There are 2 protein chains.
Amino acid sequence: MRSIDDLDTPAILIDAARAEANIARAQAHADRHGLKLRPHIKTHKLPYWAKKQVAAGAVGITCQKIGEAEVMADAGLTDIFLPYNILGRAKLERLKALHGRVTLSVTLDSGETLDGLAATFTDAGHRLQVLVECDTGMGRCGVQSPDEAVALAREIAGAKGLVFGGLMTYPAAGRATEAETWLAGARDALAASGLACERISSGGTPDMWRSGEDSIVTEYRPGTYIYLDRYQVAKGVGSLDDCALTVLSTVVSHPTPARAILDAGSKALSSDTLGLADFGELLGIPDARVTGLSEEHGNVTLSGETELRIGERVRVVPDHCCVVTNLFDEVHLVDGDKVLETLPVTARGRMG
Amino acid sequence: MRSIDDLDTPAILIDAARAEANIARAQAHADRHGLKLRPHIKTHKLPYWAKKQVAAGAVGITCQKIGEAEVMADAGLTDIFLPYNILGRAKLERLKALHGRVTLSVTLDSGETLDGLAATFTDAGHRLQVLVECDTGMGRCGVQSPDEAVALAREIAGAKGLVFGGLMTYPAAGRATEAETWLAGARDALAASGLACERISSGGTPDMWRSGEDSIVTEYRPGTYIYLDRYQVAKGVGSLDDCALTVLSTVVSHPTPARAILDAGSKALSSDTLGLADFGELLGIPDARVTGLSEEHGNVTLSGETELRIGERVRVVPDHCCVVTNLFDEVHLVDGDKVLETLPVTARGRMG
């Protein structure tokens, strides 16, 4: 069996046991609270983990791009949610083909998106489930008021090949309570208008752990929970020992005692800090922080007694694991120093 | 012929005429000042442009990863500089194979890197050219003093299969003068030690335009000059009309009059701002700025009268074009609205 010493750097290592434990922990939480889990595959972009998530009890998966959904459908996943405004003839045609293969649902927040869907999906015998996206405080997509949600829901329900599927939001981090209030208002307005709202879908890993039995949310779309990262640790979701993804990297230079340089730069770790200080930390070396990145170099600042050796390999815990996944063509599943399997990141880089 | 209207979004468009003009302009500047040009392929990662750069007069190309150099060698490029500390058996073996195929040069800044190279390259009849990397103010890799440079140069010169090739730096932005002083000191110290220094290699697009006839630098490794981006425009290297790379994107939502959402997020534009405010701007729409990114959405703030249409396509000028190139599997060469050619980004994502 190969060892991680046999891998070239930089490389993504996934601690398989930690990822499995993270899946089990989230599924147990969801089961305990009567919440359906629909994991977002953006974090791993791998059919391997999508299947494990469904096997553990997830009702299906969430993808953001049609290209990702196509990869997952090819791999045998059967229930896919695409919480995105799908627009344009090329994408609508692909969406229609996908609808013929899997149980599909999408979202919209405008009449323009509705018009495209209604013109494409016309079979009353095989209708597409469409949810209305609500902006409950994130300031991204989504209708701005429950009244707008009702108006769009009525239009969806009136289209021959569409069926109103409920409400969807991506709440601003830490603002799950605000989202609940917003959604309750929309649900009540829908009921007053004669429209049942059986599915209310929310997302964001940290807030999932605050979704209890009294939540209005019926379905949750966590992504990062499977790997975790420095941002999730900062949010209290787990400890560094729960982080499954690290970037194996080689010390290529050590110009001063306090500065070492890694072969992992922004092309491997990304510049995405999600507001954290530093770009990552070195597993097992508490006084080492990645304090600067250029494309092919990571600057490590050593604040204590540690000196690294040139040629030494270290493991970096990144700030945001999802964007790191998108930068690599493959990941290595590991158990300690053993490489269990190397998987191509099949759904990486799907733009459309 | 295809039109950009036929492309799915998000997609990279390269204005071929602008890129060609940028190549010609830099080569003319280099020729005027007796400077050898050795373009860094990190910006385009395409043999197509590397060949055009050499055809225009470049002495060779610069790559940062062996994997990039292998792609370029496969495509017929014959003179490749790898300004990187190459460490570890696997990489050294690939480096040796590459040395058998092309005119190769590398850098080092430590005895550890030297030991690996000296043990790998032992043929006095086909020696590897090795430059010493100097930290002239960037605070990344590089020896910290001219004395260290001399000590390493002597060791290189003393190794059977290596030849001392000169000095290399990547100067901190705007600190080219400081770099010149540093390098002059090292060159003089080398001369005093009996070592000729025929090649002094520097990099960074903005500072290239300040390298005049009196410069100590003999070779320049600009990367971004071929496409340009908002950062280069901010540095005065060109105008928005010189930027060859844009990201074609669709407006997928317009929740409020001042907020529109694009289908290009950090997975298409990257989070790399290089210190600029905002993540990009919309070509031809001066009151539109990309003010926020999540992975699959770009938030556009409209500060004037402009309203975008949902479904409308816009072209985003990114802050840093090199990292955008690395996110896409293909780019489209365009002439106005005509798609001339679609090229796979062959050297994308090469980690080792």
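None of the values given here were measured: they were computed from a predicted structure. Each chain gets a letter, A, B and so on, in the order its sequence line appears, and its residues count up from 1. In what follows, every heavy atom counts, from backbone to side chain, and hydrogens, waters and symmetry copies are set aside.
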Within the side chain of B/Lys91, is there an N or O that forms a donor-acceptor pair under 3.5 Å with the backbone of A/Asp8?
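Not at all, since once roles are kept as given, no pair shorter than 3.5 Å links the two residues.
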Just wondering, do [Y] and [X] contact through their side chains at under 4.5 Å, heavy atoms?
{"X": "A/Met351", "Y": "B/Asp263", "result": "no"}
{"X": "A/Arg348", "Y": "B/Asp329", "result": "yes"}
{"X": "B/Glu296", "Y": "A/Lys42", "result": "no"}
{"X": "A/Leu327", "Y": "B/Leu327", "result": "yes"}
{"X": "B/Arg259", "Y": "A/Gln144", "result": "yes"}
{"X": "B/Ser271", "Y": "A/Val323", "result": "no"}

Specify the closest pair of heavy atoms between A/Pro255 and B/Gly142, including all atoms of both residues, with the distance to one decimal.
CB-O, 3.6 Å
Assert top hit (heavy-atom pairs under 4.5 Å, partner chain A, pool B/Ile310, B/Thr250, B/Asp272, B/Val143) equals B/Ile310
Using a 4.5 angstrom heavy-atom cutoff, name the option from B/Cys322, B/Gly349, B/Ala11 with the most pairs to chain A.
B/Cys322
Should B/Lys45 and A/Glu295 count as an ion pair when the cut-off is N to O under 4.0 Å?
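No, B/Lys45 and A/Glu295 are not salt-bridged.
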A/Leu262 versus chain B, heavy atoms under 4.5 Å apart: side chain, backbone, both or neither?
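For A/Leu262, the contact with chain B is made by the backbone alone.
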Supply the atom-to-atom distance B/Asp5 CG to A/Arg89 CZ, rounded to the nearest 0.5 angstrom.
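If we round to the nearest 0.5 Å, B/Asp5:CG and A/Arg89:CZ are 10.5 Å apart.
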Which residues, numbered in order, of residues 108-117 of chain B come under 4.5 angstrom of chain A by heavy-atom distance?
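Result: B/Asp109, B/Ser110, B/Glu112, B/Thr113.
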